[in-house]
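Note that the coordinates shown come from a computational prediction; the quantities given were computed from them, not determined experimentally. Heavy-atom basis, side chains included; hydrogens, waters and symmetry copies ignored.
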Amino acid sequence: MSSQLLPTTTTPLSTTTTPPPLSPPHTLSQRTHIPTHVYTHPSAILLELCTSMKELHQFIPPIIKHGLYNEHLFQTKLVSLFSKFGSLIEASRVFEPVEHKIDALYHTMLKGYAQNSSLDNAFSFFSRMNYDGVRPVVYNFTYLLKACGDNSDLRKGKEVHGQLIVNGFESNLFAMAGVVNLYAKCRLVNEAYKMFDRMPERDLVCWNTIIAGYSQNGLAKRTLELVIRMQNEGHRPDQVTVVTVLPACADIGSLKIGKSIHGYVVRSGFESLVNVLTALVDVYSKCGCVGAARMIFESMQYRTVVSWNSMMAGYTQNGDSKEALALFEQMLNEGVELTNVTIMEVLHACADLGDIAKGQFIHQLVHQLNLLYDVSVMNSLISMYCKCKRVDIAAQIFANLQGKTLVSWNAMILGYAQNGHVTDALNHFCKMHQKNIKPDSFTMVSVIPALAELSVLRQAKWIHGLVIRTCLDKNVFVMTALVDMYAKCGAVSTARKLFDMMDVRHVTTWNAMIDGYGTHGLGRAAVELFSEMRKGAIKPNDITFLCIISACSHSGLVEEGQNCFTLMKEHYSIEPSMDHYGTMVDLLGRAGKLNEAWDFIQNMPIEPAINVFGAMLGACKIHKNVDFGEKAANKLFELDPDEGGYHVLLANIYAKASMWDKVAKVRVDMERKGLQKTPGCSLVDLRNEVHTFYSGSTRHPQSEKIYSYLETLIDDIKAVGYVPDSNSIHDVDEDVHEQLLNSHSEKLAIAFGLLNTNPGTTIHIRKNLRVCGDCHNATKYISLVTGREIIVRDMHRFHHFKSGSCSCGDYW
DNA sequence: CTAGGGTTAG
């Protein structure tokens with residue numbers, strides 16, 4: 001087949017594709033180095049044009065035929081080409097048999113090892129060179145340094161650094177630029193700077209190297225400072241500088257700097273360079289201007305896969321994952337060669353949209369593209385499955401994953417935590433701990449909310465200790481999570497202490513603290529903190545208003561709550577969301593202003609949703625209002641026919657009004673629809689163990705003891721005035737074996753807690769539903785007769801029972 | 001052989 005004039009293979013001899021404008025014509029400068037006597041030989045020209053392994057193999061027979069195979073320059077060229085195409089085996093097959101190896105042959109072979117093999121191979125070849133008496137030249141060191149940098153191998157890198165000093169290259173510009181780069185790539189940017197600083201002369205490339213070091217290590221401000229210094233010292237930033245600085249600018253999200261660099265790009269005539277434009281797409285996206293990013297993207301004459309990836313990332317980062325997927329489709333249609341980053345981006349978009357079907361399609365693509373061993377891609381798959389609520393599949397991938405990284409563990413922990421598998425999240429965290437993998441801020445921010453959910457103060461303190469030991473106690477995200485956790489564990493004053501200690505606070509930090517006060521019924525404190533916040537630099541957001549209005553609601557501060565609602569709309573121009581409306585109805589309704597609440601609903605500018613009527617129904621239960629209760633309930637049955645809870649609420653309202661026929665009707669209705677009430681359950685933490693109690697259950701080992709103690713306890717509180725609430729219907733769907741009031745889960749949990757702790761100890765209870773009226777009343781008396789403080793966290797808020805009264809002021 | 005710097009990501 002070699003007699004063909006034109007090969008039928010897909011890799012033609014001539015390169016007909018137009019190279020992208022950025023790629024400089026390297027080949028030209030390479031040719032100038034070829035000695036003329038070789039260059040004039042036809043085989044040499046062919047070798048120069050060789051673009052693939054296949055072509056190379058075709059050219060070898062004529063070279064051998066012409067007896068050129070034994071010429072040093074041909075041997076060297078062959079070694080170079082075999083290395084370039086990735087076959088070190090063939091390169092060394094040429095190299096080894098050569099009897100009198102010239103230095104250049106060694107140098108070329110070393111370059112091959114450094115660029116296409118393991119570091120170990122490169123180093124052992126370098127030792128052999130020494131052994132064979134070949135004097136090293138500067139670029140031996142630069143190649144080795146580059147390889148060490150790429151592998152972040154500081155130990156070997158330092159060795160090379162030492163050797164180049166021994167060989168007298170320590171003031172060589174190229175060698176030292178390589179050293180600077182090495183330290184920067186090994187994340188020792190300060191060390192890199194020291195080397196840079198010591199250099200007697202520094203050219204543009206050296207500046208670019210150190211600037212890249214800062215940029216790639218996330219030190220955006222330093223990066224920008226250095227660019228200014230470099231200009232002051234008379235260096236004009238080139239396209240490499242621009243492409244290096246733009247990510248730093250993206251990191252700090254500075255549109256202003258981004259735009260000024262864009263201006264520089266235009267003035268300098270860089271505006272047709274793919275890399276520069278791609279970096280601009282990234283900057284504009286990260287500064288929230290996807291539109292501008294897209295315009296640049298559209299204007300690009302050539303795009304690399306990185307351009308596409310950046311544009312996709314731009315959309316996902318700006319919350320438009322649909323558009324990201326559309327771009328991906330376009331990539332497939334246009335036959336763009338996908339990379340691992342493409343896949344990661346697309347998975348991110350699928351995760352955002354909860355589109356598991358698309359996600360699974362991408363999973364197949366991962367197989368086809370042979371990316372199963374790319375840990376980053378696999379991490380993205382784990383995250384995607386978790387976001388699509390398939391933690392089981394994610395766990396499977398995690399279990400089979402080779403070379404798990406911290407990110408893999410984090411993705412899994414977050415996945416468990418966000419899907420309500422709190423215990424799994426914690427177990428996973430402990431496993432990671434046992435394997436001596438050091439957690440980072442992401443790990444903590446995933447685990448801490450899981451502990452907040454568990455609401456066990458002992459574990460809260462444990463993780464707090466761990467945060468300190470891992471030096472993460474200056475991280476805003478972690479600290480904010482801790483503030484929230486302490487509040488959710490009932491330790492609101494500890495939360496405040498941490499809050500006060502923080503140097504930097506985000507809006508979420510303030511929100512967590514305000515919400516903490518709110519759920520503890522400390523509305524006044526919430527209002528005070530909110531006004532303090534308004535004096536500072538951090539602007540309240542929509543969530544802040546949700547927290548503050550709800551705090552007012554829990555404390556009966558109707559007027560304050562209404563003022564906040566007005567303030568939000570008028571002063572902060574925040575459009576109220578459905579949640580805000582719901583909270584407002586709660587505020588009015590809880591306070592007994594049922595007519596106002598109903599009017600408020602009627603005047604809403606948007607169609608009220610479930611949460612709004614839910615708040616109304618809850619208020620009707622508190623204030624025993626059948627009329628509004630029925631109205632709200634009917635709306636709810638329309639909007640959410642499958643939720644049993646609303647039926648129960650309505651039944652309770654009827655029961656309070658002794659409308660037993662209606663109660664029965666609701667019960668029949670529920671049975672017909674097959675609806676069930678969530679079983680009540682309370683948790684107590686005792687000596688490293690969490691004890692769970694279900695209403696009426698006798699499964700606990702201490703069950704007998706608990707029930708008999710509860711009996712005497714009930715007698716004791718009756719003696720001081722407790723009257724059981726015979727009207728309080730707790731479970732409508734219960735059959736004839738109606739449980740007694742005093743077998744409610746919270747009473748069991750309290751009795752257990754009292755029995756197993758020393759006098760004076762505060763008891764923490766966590767309940768999945770709201771506390772029922774009778775239990776609330778009984779707990780007040782229990783706190784009185786036992787002299788204990790009892791803190792109950794229910795679905796919505798905290799109740800601190802002490803000396804016969806509750807922090808909620810019977811208002812919940 | 002003829003050296004050193006650059007864009008996307010969980």
(request) Search all heavy atoms of A:S446 against all heavy atoms of A:N410 and return the closest pair with its distance. (result) OG-O, 4.3 Å
(request) For A:Q216, answer base if it contacts any base atom (sugar-phosphate contacts may also be present), sugar-phosphate if it contacts only those atoms, and nothing otherwise; contact means non-hydrogen atoms under 4.0 Å. (result) sugar-phosphate
(message) Measure CG/A:L414 against P/B:dG10 and give the value in whole Å, please.
(response) 13 Å
(message) What's A:A279 touching, base or sugar-phosphate or nothing? Going by heavy atoms closer than 4.0 Å.
(response) nothing
(request) Please determine, for the side chain of A:N379, which listed nucleotide (B:dA3, B:dG10, B:dT7) has the closest atom? (result) B:dG10
(message) By the definition ring pair (Phe, Tyr, Trp, His ring centres under 6.0 Å), identify the one residue from A:Y214, A:F196, A:Y193 that meets it with A:W207.
(response) A:F196
(message) Any base atoms under 4.0 Å from A:F442, or only sugar-phosphate, or nothing? Heavy atoms, all strands.
(response) nothing
(message) What's the closest nucleotide to the side chain of A:H107 if the choices are B:dC1, B:dG4, B:dT8?
(response) B:dC1
(message) What contact category does A:S383 fall into here, base, sugar-phosphate, or nothing, at under 4.0 angstrom with non-hydrogen atoms?
(response) sugar-phosphate
(message) Just to be sure I understand the rule, does A:L173 reach a base, reach only the sugar-phosphate, or reach nothing, if contact means heavy atoms closer than 4.0 Å?
(response) base
(request) Answer yes or no: is there an ion pair linking A:E298 with A:R303, defined by an N-O contact shorter than 4.0 Å? (result) yes
(message) From the set B:dT8, B:dG4, B:dG10, return the single nucleotide nearest to any side-chain atom of A:A177.
(response) B:dG4
(message) Using a 4.0 Å heavy-atom cut-off, does A:D238 contact any base of the nucleic acid, only the sugar-phosphate backbone, or nothing at all?
(response) base
(request) Check each residue of residues 287-297 of chain A for a non-hydrogen atom within less than 4.0 Å of any atom in DNA chain B, then write out the ones that pass by number, or none. (result) none
(request) Return the value, rounded to whole Å, for the distance between atom CZ of A:F125 and atom C1' of B:dC1. (result) 12 Å
(request) Scan A:A411 against the nucleic acid and name what it touches under 4.0 Å (heavy atoms): base, sugar-phosphate only, or nothing. (result) nothing
(message) Starting the side chain at C-beta, find the nucleotide from B:dA9, B:dG10, B:dG6 nearest to A:Q239.
(response) B:dG6
(message) Stacking between B:dA3 and A:F174, yes or no? Criterion: centroid separation under 5.5 angstrom, plane angle under 30 degrees.
(response) yes
(message) Counting only side-chain nitrogens and oxygens, does A:K146 get under 4.0 Å of the OP1 or OP2 atom of B:dA3?
(response) no
(message) If you take the centroid of each ring, where Trp contributes its six-membered ring, are A:Y284 and A:F297 closer together than 6.0 Å?
(response) no
(request) Counting heavy atoms from C-beta on, name the nucleotide in B:dT7, B:dG10, B:dA3 closest to the side chain of A:T278. (result) B:dT7
(request) Would you state whether a donor and an acceptor, one from the side chain of A:D203 and one from the base of B:dG4, lie under 3.5 Å apart? (result) yes
(request) Nearest whole angstrom, please: distance from the C1' of B:dG10 to the CE of A:M412. (result) 15 Å
(message) I'd like to know if the side chain of A:D132 reaches the main chain of A:V134, judged simply by a donor and an acceptor atom lying under 3.5 Å from each other, with no hydrogens or angles considered.
(response) no
(request) Decide whether A:T304 and A:S307 meet the rule of one side-chain donor and one side-chain acceptor closer than 3.5 Å. (result) yes
(message) Side chain of A:M344, heavy atoms from C-beta onward: which of B:dG10, B:dC1, B:dA3 has the nearest atom to it?
(response) B:dG10
(request) Could you please name the option among B:dG10, B:dT7, B:dC1 that lies closest to any side-chain atom of A:P247? (result) B:dT7
(request) Let me know the distance between CE of A:M300 and P of B:dT8, rounded to the nearest Å. (result) 13 Å
(message) Test of understanding: with side-chain hydrogen bond (donor to acceptor under 3.5 Å, both in side chains), list the residues that count as partners of A:R236, not counting sequence neighbours.
(response) A:S268
(request) For A:L105 and B:dT2, give me the distance from atom CG to atom P, rounded to whole Å. (result) 13 Å
(request) For residues A:F398 and A:W409, establish whether the separation of their ring centroids is below 6.0 Å. (result) yes
(request) Classify the nucleic acid contact of A:Q317 as base, sugar-phosphate or nothing, counting any heavy atom under 4.0 Å across all strands shown. (result) sugar-phosphate
(message) I'd like to know if A:S376 reaches the base of B:dG10 with its side chain, counting only an N/O donor and acceptor under 3.5 Å.
(response) yes
(request) Specify the separation, in whole Å, of atom CD of A:E170 and atom C1' of B:dA3. (result) 18 Å
(request) With the side chain of A:K185 defined as its heavy atoms from C-beta on, choose the nearest nucleotide among B:dA3, B:dG6, B:dT2. (result) B:dG6
(message) For a quick test of reading the model: is some side-chain N or O of A:K111 closer than 4.0 Å to OP1 or OP2 of B:dT2?
(response) yes
(message) Using a 4.0 Å heavy-atom cut-off, does A:N181 contact any base of the nucleic acid, only the sugar-phosphate backbone, or nothing at all?
(response) sugar-phosphate
(request) May I ask you to say whether A:E71 pairs ionically with A:K77, meaning some side-chain N is under 4.0 Å from a carboxylate O? (result) no
(message) Using whole Å, what does the distance between atom P of nucleotide B:dT7 and atom CG of A:N340 come to?
(response) 15 Å
(message) Output the rounded distance in Å from CE (A:M129) to C1' (B:dC1).
(response) 11 Å
